[in-house]
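First comes the structure, then the notes that go with it.
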Protein chains: 2
Amino acid sequence: MPNSRSTPLDTTAVRRRNLSAVLDLVHRRRGVTRADLTRALGLNRSTIGDLVGVLVAHGWVDERDDQTRSGVGRPSPLVVTRDRWLVAAINPELDVIDVALVSLGGEIVARRRTFVERPSAATAVEVAARVVRELSAEHPQATVLAAGVAVPGLVRRGDGCVRLAPRLGWRDEPLAEALREALGMPAAAANDAHLGSRAELTFGAGQGAASVLYLNGGPSGIGGGIVVDGRPVEGSAGYAGEIGHLSVDPRGIACACGAHGCLEALVPRAALTAAVGLAHPDDDELDAALQQAVTAEGDATGPVSSIVREQLGWLSIALRSVVNLLNPERIVLGGHLAALWRASSADDRAASLAEALPVTATDVRIEVAALGAQRLLIGAAELAWDGLIADPTEVVPLEAAGASAS
Amino acid sequence: MPNSRSTPLDTTAVRRRNLSAVLDLVHRRRGVTRADLTRALGLNRSTIGDLVGVLVAHGWVDERDDQTRSGVGRPSPLVVTRDRWLVAAINPELDVIDVALVSLGGEIVARRRTFVERPSAATAVEVAARVVRELSAEHPQATVLAAGVAVPGLVRRGDGCVRLAPRLGWRDEPLAEALREALGMPAAAANDAHLGSRAELTFGAGQGAASVLYLNGGPSGIGGGIVVDGRPVEGSAGYAGEIGHLSVDPRGIACACGAHGCLEALVPRAALTAAVGLAHPDDDELDAALQQAVTAEGDATGPVSSIVREQLGWLSIALRSVVNLLNPERIVLGGHLAALWRASSADDRAASLAEALPVTATDVRIEVAALGAQRLLIGAAELAWDGLIADPTEVVPLEAAGASAS
DNA sequence: AGTATTTGTTGGTGCGCACAACCTATCACG
DNA sequence: CGTGATAGGTTGTGCGCACCAACAAATACT
């Protein structure tokens, strides 16, 4: 049943939701006092005490004294994340399969990069499953409960089927299902830019904002993630956020997607790397080189500055459209778009939203992504955490938690 | 607290939510059997019986035998909307203030159009309040509980302040507040296109879809409403949905907003009315005249057909961008965009999403708005219903309902 | 040391929903 | 036209959960 104002609830849903709300807050803040929880959630002190007790019993969190705090009144114990339960985060790329174990609070506990040239989906699943088992064995005190995959391509909502990943040459691969079988645990897959935006929203440059627009520039194009009222926008089938294929110039050059004048065709990373004369820089190297080149030129008419300026111009047109369309609170730029932004002059940056509607544009903050190279793994972990945080007592029966917890 | 996975609940929230869910379903379907409710909401039969009983006691709904149904088993009573409680819907326009009383189920019970040339906000509030009282007096068996206003302009989220309504010449008018005071009841205001999209979503061409993109073309421009996963997208401050100010051609002509190449600058209603030689046609007249002109020409190179074709071209560019960005399930076109769509050739229509990403474009259904001239009033009523349906027992104490009912 | 302040703890209360058993109304079929 | 099957409303019981109020504990201020 779509578009209903509210879904019905039963009595057990109350407990589930409240446990979930507490755990979620501990997750995003990595440490909260019980007093904080009562204030933030508006529940009764005794209720919070009870809920935290349940989470402790199930091995999700620990309680300990809060040294740092001071002030009148009885000190409130700090509720902190624990490494008893982990999730696996997986990011298959052109020549490497990146796997990590991530704890509650989004911290990477272990990470291993395995080099494989253009893996098939089957190979990727196999390698990922093996590495997850290896890393898991190296952390015997912890248990991995679920997995999330960040895929550079279009992933169908619901079943996590990769409809198209041009960079990897995948087409209609039931990735999440295969991984679920190979690992014997819940697994989910989603577009990498979507997950990047989730990571930035929860732990990075999007923190505190309710509606965020995230644009990431990579070697194969520009992807994006949209967050509205705190919820990621997936679109009806999961393919939302393709900001790279916004039409920016109807008479523009052809794009790999078959259309003309797409943003990603007009603002390619390759143009920037070529301008600074680097073959395969990572994002940090590109960022540094661009800044250096622009300062060296000193003048906005220099060759590198001109390219930066031209690209920023196209980006501004896209930003203007999307700002008018979605009225976001914050825009987060990642990858080469971050480098482009930082290399642009203050004037050009200030002018980037000059053509957007004033009421909308004045309150938008444009920021550079904060999470760097771990972004996709953290985002993939968030995806895996979703189901667990939504129902913390279902996934981990009390006996299991009690049995191996000292 | 923004972007949290779930908000906490208390025990009373269960009742509230379930009452709200039942009432909402009756509202959108205008008549549901108790058996339907049990199935749709997944609650126990006894619970549904109880909830319906409460709604009946508070004067929201009636129960009566369902004549139409047939089949084995005990017949289930039909839960139907009642006219005991109404909301006021208000739509101030350039030269008329349109006021209606709307019942649960979105049906217009009474409507009065009052002609006023370019009213100030104060005048509009005064006239609206007077007309609401008049209509209210003509329906003594009913009570008006809340009001909603559809404003042709940018309305701030939260307080319903009209930041800018160029057509009316309003600027920073605290409309909702003024109306709340004048009427002595809750009042809310929102952008007219947003409310149009809500009306189409609930009762019109958007029914059944969870993510809908709505574009409406009027004499003063193109507005839009976005619905994602069943929820209207307002943006951080309420100004989302300005599809008319999507950049479609960076070298295009200047728009009233100060930018260049906005969709609404390139697809003006005036061009179509001029092409068919009508001065001030309403949407239906324009639609009929366009269809007639195009069929008369027979040929795609005729003058009217050319204009239609050119406008559809620009519209297609905008649709392509937004489809790639939001992956909607359905697109609903209203006003002159509906006329434009219907006057276009089948080939041109089929080609309109040719440049969008195939996975996204194949499942999009493009439809023409279904609700006609009542759309904005129904949408404004929806806005007013929001608060009432969210908490049906709070607004109407039992005594009040019992006292004047029966 | 005494008081004010903040917070955790405990037992009692109310309430909403699930469940099961029972009752009722219709249809189908011989 | 009666009997069985089917669908669905009705009633009473029990459980779970959050709230509340009073109490206990741990700090800071004077």
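Every chain is numbered from 1 and lettered A, B, ... according to where its sequence line falls, protein lines coming before strand lines.
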By nearest-nucleotide position on DNA chain D, the 5'-leaning member of B/Pro77 and A/Arg45 is B/Pro77
Requested in this report: Would you indicate whether B/Arg30, at its atom CZ, is surrounded by more than 12 heavy atoms from other residues, nucleotides or ligands within a distance under 6.0 Å?
Outcome: yes
Indicate every side-chain donor-acceptor pair of residues 46-54 of chain A with a distance under 3.5 Å to a residue at least two apart or in another chain.
unit_1  : atom_1 : unit_2  : atom_2 : d
A/Ser46 : OG     : A/Asn44 : OD1    : 2.7
A/Asp50 : OD2    : A/Arg15 : NH2    : 2.5

Can you name the atoms? Protein N/O to nucleotides 18-21 of chain D N/O, anything below 3.5 Å, with the distance.
unit_1 : atom_1 : unit_2  : atom_2 : d
D/dA18 : OP1    : A/Asn18 : ND2    : 3.1
D/dA18 : OP2    : A/Arg15 : NE     : 3.1
D/dA18 : OP2    : A/Arg15 : NH2    : 3.0
D/dC19 : OP2    : A/Asn44 : N      : 3.1
D/dC19 : OP2    : A/Thr47 : OG1    : 2.9
D/dC20 : N4     : A/Ser46 : OG     : 2.9

Between the side chain of B/Ser211 and the main-chain N/O of B/Glu329, is any donor-acceptor distance below 3.5 Å?
yes
A/Arg34 CZ to D/dT27 P, in whole Å, measures 15 Å
Of D/dG8, D/dT10, D/dA26, the nucleotide closest to the side chain of A/Pro75 is D/dA26
Rounded to whole Å, the CD1-C1' distance (A/Ile48 to D/dC17) equals 13 Å
Rounded to whole Å, the CZ-C1' distance (A/Arg74 to C/dT7) equals 6 Å
Ranking C/dT7, C/dT5, D/dG8 by distance to the side chain of A/Val72, first place goes to C/dT5
note: B/Leu41, atom CG; C/dA18, atom P; distance rounded to Å ~ 11 Å
Item to complete: Verify the distance criterion only: is there a donor paired with an acceptor across the side chains of B/Arg17 and A/Thr7 at less than 3.5 Å?
Response: yes
Atom CD of B/Glu63 and atom C1' of D/dT10 are separated, to the nearest Å, by 13 Å
Exercise. Can a salt bridge be assigned to the pair A/Arg16 and A/Glu394 using a cut-off of 4.0 Å between side-chain N and carboxylate O?
Worked result: no
Examine C/dT7: is either OP1 or OP2 under 4.0 Å from a nitrogen or oxygen in the side chain of A/Arg39? Give yes or no.
yes
Contacts of B/Asp83 meeting salt bridge (charged side-chain N to carboxylate O under 4.0 Å, His left out) (sequence neighbours excluded), chain-then-number -> none
